[in-house]
Amino acid sequence: MPATPQPASARVFSWSVRHLSREAARMFRLLGIHPGPDISVPAAASLAGCDPAEASRHLGELARARLITERLPSRYALHDLLRAYAA
């Protein structure tokens, strides 16, 4: 059976995720299952099972890759399409 073509957005998202560190890619996937509209650094650290400094580094990498947005200082959000892709 032939593979189902991916939407263009999924191809772009996968390219971006492939260029992340392993830890930041894991954080991205975890953010996809977080139920809230945004997440704080301490909450992301708890979700990922790491310390806040490490979570902040991973969130910063995701923000630099334009996969998440820092809406307020130390509070990050994903666009709905990225959240669906990450989950």
Side-chain angles (χ1 to χ4, degrees):
M1 184 185 274
T4 303
Q6 288 184 314
S9 59
R11 287 193 301 271
V12 171
F13 298 159
S14 69
W15 183 88
S16 296
V17 172
R18 279 195 310 265
H19 288 83
L20 297 171
S21 68
R22 184 174 51 103
E23 296 82 6
R26 179 176 177 269
M27 177 71 78
F28 179 67
R29 289 189 303 274
L30 291 170
L31 293 175
I33 61 172
H34 174 68
D38 62 8
I39 192 165
S40 67
V41 171
S46 179
L47 184 66
C50 63
D51 63 68
E54 186 178 350
S56 184
R57 285 192 302 275
H58 302 323
L59 293 168
E61 183 177 345
L62 293 171
R64 287 188 299 280
R66 304 287 193 251
L67 292 170
I68 63 174
T69 303
E70 188 173 14
R71 289 195 176 166
L72 297 169
S74 298
R75 291 203 69 86
Y76 295 86
L78 285 94
H79 186 280
D80 290 342
L81 289 174
L82 286 164
R83 182 181 303 279
Y85 177 79

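The OH atom of Tyr76 lies 10.5 Å from the OG1 atom of Thr69; values are rounded to the nearest 0.5 Å. Here CE of Met27 is found 4.5 Å from SG of Cys50. Values are rounded to the nearest 0.5 Å. Of the inter-residue distances, the one linking Leu47 atom CG with Arg26 atom CZ reads 8.0 Å to the nearest 0.5 angstrom. Here the CG atom belonging to Asp38 is positioned 11.0 Å from the CD atom belonging to Glu70, to the nearest 0.5 angstrom.
At least one donor-acceptor pair under 3.5 Å links the side chain of Arg64 to the backbone N or O of Gly60. Arg83 places no side-chain N or O within donor-acceptor distance of the main-chain N or O of Ala77, the cut-off being under 3.5 Å.
Listed by first and then second residue, the side chain to side chain donor-acceptor pair (under 3.5 Å) pairs involving residues 51-63 are Ser21-Glu61, Glu54-His58 (not counting sequence neighbours).
Of all heavy-atom pairs between Pro37 and Arg71, the closest is O-NH1, 4.3 Å. Here the closest heavy-atom approach between residue Gly32 and residue Ala87 is recorded as O-CB, 3.6 Å. Here the closest heavy-atom approach between residue Ala44 and residue Ala55 is recorded as C-CB, 4.2 Å.
At least one side-chain heavy atom of Leu31 sits less than 4.5 Å from a side-chain heavy atom of Leu59. In this structure, the side chains of Val17 and Tyr85 come closer than 4.5 Å at one or more pairs of heavy atoms. In this structure, the side chains of Leu20 and Leu67 come closer than 4.5 Å at one or more pairs of heavy atoms. Here the side chains of Leu78 and Phe28 are in contact, with some heavy-atom distance below 4.5 Å.
The hydrophobic cluster containing Ile39 also contains Ile33, counting ILVMFWY residues as joined when their side-chain heavy atoms lie under 4.5 angstrom apart, directly or transitively.
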